[in-house]
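The structure appears below as structure tokens.
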Amino acid sequence: MKAARVALVKPTQPQGRSRLAAWTLLLAGMAVAGTAQADDSSALTSLINDYRLAPASCEGQTSEELPPLAADPRLVLPVGRAGDLQQALSAVGYPMVNVQAISLSGPRDALAALKVLRESFCKVVLDPQFVDIGVNRQDREWRIVLARPLLAGRLGDWQAEGQKLLEQVNAMRGQARQCGTQSFAAAAPLAWNVTLGTTAETHSRAMANGNFFAHQDRDGRTPGDRAELAGYSGQRIGENIAAGLDTASKVLDGWLASPGHCANLMNPQFSELGAAYATDPKSDAGIYWTAVFGAP
């Protein structure tokens with residue numbers, strides 16, 4: 001609103017220093033407004049990620065804890081232009097597979113925009129297939145774009161990638177870490193467990209082929225149930241899952257940014273791990289990951 005009021009000075013055509021001062025004030029007002037809108041765009045991204053991190057109710061169902069979305073400047077598209085999303089993203093070099101754009105009119109700030117998203121677009125915001133986000137705001141017009149890119153990583157078989165994830169987890173466990181409000185000291189490295197690896201691969205395959213994302217499978221079994229059925233005799237089980245990410249390092253980065261997933265990674269009571277991915281091009285996310293933690 002300040003920028004709009006200052007703009008009314010322009011038709012008076014002030015002379016000399018007065019004109020310079022008026023234009024300086026106008027440009028400053030526009031800069032402040034632009035900065036505030038950019039800040040609100042960043043704030044909305046943070047609020048959406050906080051919403052995804054906490055199990056949330058959406059249309060009668062409770063979502064899983066989801067890793068945060070990565071802000072991608074290529075997804076900051078003009079406000080008020082419907083157009084062809086695929087063409088727009090192709091023009092900026094974003095190799096998308098799935099994309100959803102949400103346009104809002106009226107929210108005065110990021111909190112108000114989040115309220116509308118939670119009430120009317122929770123299924124899109126809580127969709128685990130999306131990994132990137134772009135937010136643009138002009139006055140009270142907003143455009144939120146969520147997308148999943150093409151799988152670009154060259155992956156080995158599930159055992160090789162599971163072992164790679166194990167190596168990265170152990171490197172991460174070697175340092176003290178803060179997971180949300182919990183502080184963890186450095187923890188001992190985890191050992192690979194074949195049975196847990198098979199359990200992880202089975203669940204990743206079930207999610208990919210069944211096109212779902214949850215710790216509980218279609219038969220109602222929990223991670224502990226699946227490990228027991230596979231023959232694992234340990235008494236303590238934990239599980240992390242991820243979707244839409246095409247390298248072990250991206251998966252780990254997402255888990256480290258999520259307090260619950262991070263706590264599993266750092267838990268000193270776990271001593272063994274099995275991890276795997278599975279793909280299905282007909283599924284929404286394309287690729288699904290599971291890491292199963294255990295203690296004999």
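The shown structure was predicted, so the numbers you read here are calculated from the model rather than taken from an experiment.
Distance check: Ile133 CD1 to Asp72 CG gives 11.0 Å after rounding to the nearest 0.5 Å. The distance from the CD1 atom of Ile287 to the NZ atom of Lys250 is 10.0 Å, given to the nearest 0.5 Å. A distance of 8.0 Å separates CG in Leu265 from CG in Leu165, rounded to the nearest 0.5 Å. Taken from CG in Leu166 to CD in Glu161, the straight-line distance is 12.5 Å, to the nearest 0.5 Å.
Take Gln86 and apply the side chain to side chain contact (heavy atoms under 4.5 Å, CB included) test, not counting sequence neighbours, and it matches Asp84, Met96. Ala147 is linked by a side chain to side chain contact (heavy atoms under 4.5 Å, CB included) to Leu75, Tyr94, Val99, counting only residues two or more places apart in sequence or in another chain. Phe270 meets the ring-ring contact (aromatic ring centres under 6.0 Å, His included) test with Phe293; sequence neighbours excluded. Applying the side chain to side chain contact (heavy atoms under 4.5 Å, CB included) rule to Val131 yields the partners Pro149, Leu245; only residues at least two apart in sequence or on another chain are considered. In this structure, the salt bridge (Lys or Arg N to Asp or Glu O under 4.0 Å) partners of Arg226, at least two apart in sequence or on a different chain, are Asp217, Glu239. Among residues two or more places apart in sequence or in another chain, the ring-ring contact (aromatic ring centres under 6.0 Å, His included) test is passed with Tyr277 by Trp289. With sequence neighbours left out, Glu141 forms a side chain to side chain contact (heavy atoms under 4.5 Å, CB included) with Val79, Ser105. The salt bridge (Lys or Arg N to Asp or Glu O under 4.0 Å) check on Lys115 picks up Glu119, with sequence neighbours excluded.
For Gln61, the CD atom counts as loosely surrounded, since its 6.0 Å shell holds 12 or fewer non-hydrogen atoms of other residues, nucleotides or ligands. Within 6.0 Å of atom CD in Glu64, more than 12 heavy atoms from other residues, nucleotides or ligands are found, so the atom counts as buried in its surroundings.
Residues in residues 205-279 take part in these disulfide (SG to SG under 2.5 Å) pairs, two or more places apart or across chains: Cys179-Cys262. Contacts classified as salt bridge (charged side-chain N to carboxylate O under 4.0 Å, His left out) and involving residues 260-286 (residues at least two apart or in different chains) are given here: Asp280-Lys282. Contacts classified as side chain to side chain donor-acceptor pair (under 3.5 Å) and involving residues 49-59 (residues at least two apart or in different chains) are not found.
Judged by distance alone, with hydrogens and angles left aside, the side-chain atoms of Ser258 form no donor-acceptor pair with the main-chain N or O of Gly254 at under 3.5 Å. Between the side chain of Arg173 and the main chain of Ala188, a donor-acceptor pair closer than 3.5 Å is present. Remark: the backbone N or O of Arg143 is not paired with any side-chain donor or acceptor of Asn136 at under 3.5 angstrom. Side-chain atoms of Gln235 come within 3.5 Å of backbone atoms of Ser233 as a donor-acceptor pair (strictly under, hydrogens ignored). Checking side-chain atoms of Arg74 against main-chain N and O of Gly93 turns up a donor-acceptor pair under 3.5 Å. Trp255 contributes a side-chain N or O that, together with a main-chain N or O of Ile241, makes up a donor-acceptor pair within less than 3.5 Å.
Counting side-chain heavy-atom gaps under 4.5 Å among Ile, Leu, Val, Met, Phe, Trp and Tyr, the cluster of Ile237 also holds Leu196, Tyr232, Val292.
Nearest heavy-atom pair across Ala110 and Ala43 is CB-CB, 3.8 Å. Scanning all heavy atoms of the two residues, the minimum distance from Ala101 to Leu85 falls at CB-CD1, 3.6 Å. Closest approach of Ala276 and Trp158 over heavy atoms only: CB-CE3, 3.3 Å. Taking every heavy atom of both residues into account, Val251 and Ala242 meet most closely at CG1-CB, 4.0 Å.
Side chains of Leu53 and Pro68 form a contact here, defined as non-hydrogen atoms less than 4.5 Å apart.
Ion pair Asp127/Lys123 not flagged as a salt bridge, since none of the NZ, NE, NH1 or NH2 atoms sits closer than 4.0 Å to an Asp/Glu carboxylate oxygen. Residues Glu167 and Lys164 are not paired through a salt bridge, judged by the lack of any N-O separation under 4.0 Å between the basic side chain and the carboxylate.
A donor-acceptor contact closer than 3.5 angstrom links the side chains of Gln178 and Ser183.
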